[in-house]
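Below you'll find the structure, written out as structure tokens, and then a few comments.
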Amino acid sequence: MTRFGIIGGGLMGHGIAVALAQAGHRVVVYDADPATLASLDERIVRALERCDMLPGDAGLVTARITAAKTLSDMVVRVDAVIEAVPERLDVKHQVLEALEAKIPAVMPVWSNTSVLSLTEVAEGMRHPQRLVGVHWWNPPYLIPLVEVAPGAETDHRFVREACDVLNGMGKTTVRLHRDVPGFIGNRLQFALVREALHLLEQEVCDPVTIDTVMRASLGLRWSAVGPMENADFIGLDLTRNILDSLAPHLSAAVTFPALDEPLNAGQRGRASGGGLLTWPPGRGEEVAQRLESGIRRNLVGP
Ligand SMILES: NC(=O)c1ccc[n+]([C@@H]2O[C@H](COP(=O)([O-])OP(=O)(O)OC[C@H]3O[C@@H](n4cnc5c(N)ncnc54)[C@H](O)[C@@H]3O)[C@@H](O)[C@H]2O)c1
């Protein structure tokens with residue numbers, strides 16, 4: 001499998017295209033929005049610059065990625081398709097229905113959904129056995145992890161094939177035994193976000209303090225030793241004692257006033273200039289750069 005089609009050339013679609021092309025695959029990107037398609041080349045070049053790729057090598061990578069103005073034009077040039085359209089079940093269903101009308105029954109389809117149930121994404125598909133959840137992390141050309149999961153009707157041959165391709169690219173793949181919303185990473189991530197919001201609502205600290213605690217402690221620890229190894233390392237008896245004391249105080253909330261308050265005031269975060277923190281002009285770009293350079297620093301290893 002060397003020719004991939006990507007539906008949706010937004011943040012993830014263009015990043016996945018770069019990751020695949022860096023590994024030698026050919027990629028055709030289709031997006032319903034002509035402006036997104038028009039900016040594809042420029043965004044790919046910028047991503048490669050941020051990877052510190054030499055111009056000659058970057059040229060080889062960009063030459064492997066082309067844009068398609070229609071879905072029909074894309075599907076005739078590929079062996080597998082990745083959907084990276086917005087995280088809405090109705091949009092995914094509409095895209096998969098249009099796609100399946102144009103491709104052979106055996107062509108693999110990967111969904112980059114973050115938190116939707118794969119089984120629900122596959123509902124209505126003519127051939128749900130070919131749908132595999134392949135969850136990349138942003139930026140896909142830098143973050144090693146790709147989570148792979150089946151829906152209830154997925155044929156495990158397609159799951160194995162996806163893992164083989166990704167492992168061949170040097171990715172770190174993990175394979176879930178079954179479909180759960182959020183795979184593993186987002187479940188862990190949002191358990192932590194929920195507790196952070198709980199601390200804000202309890203007026204324990206401000207949002208900047210939460211980020212300081214994470215970046216100066218757990219963010220460092222967890223890139224070296226995961227929470228399961230750490231539980232064994234400190235001892236399961238101690239881990240159990242801590243949970244006995246702490247668990248009753250941890251959030252199990254399903255409502256989030258600390259988010260609703262800024263949202264109701266039109267504060268959506270970076271895009272609106274304010275959210276939990278303030279976002280003066282330039283901060284968004286600075287954070288994007290710090291994110292990528294920080295990940296690259298960690299990847300170099302000890
Ligand atoms: N943003 C992240 O960090 C991240 C990480 C992992 C997974 N994901 C998942 O990846 C998927 C895409 O997210 P994103 O952040 O790239 O979104 P995005 O909004 O940046 O990109 C989505 C693209 O899909 C296009 N699109 C919408 N409807 C379409 C259609 N019918 N046909 C073709 N193209 C269409 C849009 O024009 C847009 O360019 C979502 O399922 C999201 O949950 C996102």
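The residues of the chain are indexed from 1 along the displayed sequence. First listed ligand is number 1; within each ligand, the first listed atom is number 1.
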Heavy atom of protein inside 4.0 Å of atom 19 (O) of ligand 1, strictly below: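 False for atom 19 (O) of ligand 1.
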
Which residue and atom name correspond to the protein heavy atom nearest [atom], and how close is it?
atom	result
atom 21 (O) of ligand 1	Gly10 CA, 3.4 Å
atom 23 (C) of ligand 1	Asp31 OD2, 3.6 Å
atom 32 (N) of ligand 1	Ala32 CB, 3.6 Å
atom 6 (C) of ligand 1	Trp136 O, 3.1 Å
atom 27 (C) of ligand 1	Pro86 CD, 3.3 Å
atom 22 (C) of ligand 1	Ala84 O, 3.6 Å
atom 17 (O) of ligand 1	Leu11 N, 4.7 Å
atom 8 (N) of ligand 1	Ser114 OG, 3.1 Å

How about Glu83 and Ser111: do any of their side-chain heavy atoms sit closer than 4.5 Å?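 Glu83 vs Ser111: side chains touch.
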
Salt bridge flag under 4.0 Å for residues [X] and [Y]:
X	Y	result
Arg50	Glu292	yes
Glu97	Arg126	no
Glu87	Lys92	yes
Arg160	Asp164	no

Which option out of Val85, Thr113, Asn138, Val134 puts a heavy atom nearest to atom 40 (C) of ligand 1? Val85

Pick from Glu83, Glu87, Met12: the one approaching atom 41 (O) of ligand 1 most closely through a non-hydrogen atom: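 Heavy atom nearest to atom 41 (O) of ligand 1 belongs to Glu87.
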
Between Arg26 and Thr66, do the side chains contain an N or O donor and an N or O acceptor separated by less than 3.5 Å? no

Among side-chain atoms of Thr209 and Asp206, is any donor-acceptor pair under 3.5 angstrom? yes

For [X], the ligand 1 atoms whose distance to one of its heavy atoms is below 4.0 Å:
X	result
Asp33	37 (O)
His135	6 (C), 7 (C)
Lys92	40 (C), 41 (O)

Side chain, backbone, both or neither: Thr36 near ligand 1, heavy atoms under 4.0 Å: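 Looking at Thr36 and ligand 1, just side chain atoms fall under 4.0 Å.
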
Under 4.0 Å, heavy-atom basis, I'd like to know which part of Asn112 is in contact with ligand 1: side chain, backbone, both or neither.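 Both of them.
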
Short side-chain to backbone donor-acceptor contact, Asp31 and Gly9, under 3.5 Å: yes

If we ignore hydrogens and angles and just use 3.5 Å, is the side chain of Asp179 paired with the main-chain N or O of Ala152 as donor and acceptor? no

Once ring pair (Phe, Tyr, Trp, His ring centres under 6.0 Å) is applied, what residue pairs with a partner in residues 124-166 remain, sequence neighbours excluded? His135-Trp137, His135-Phe183

Return each pair, listed once, that meets ring pair (Phe, Tyr, Trp, His ring centres under 6.0 Å) where at least one residue sits in residues 228-267; pairs must be two or more places apart or across chains.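 Every candidate ring pair (Phe, Tyr, Trp, His ring centres under 6.0 Å) pair involving residues 228-267 fails, so no pair, neighbours aside, qualifies.
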
Heavy-atom contact check, 4.0 Å cutoff: does Trp137 meet ligand 1? no

Heavy-atom contact check, 4.0 Å cutoff: does His14 meet ligand 1?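 Outside the 4.0 Å threshold, so no.
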
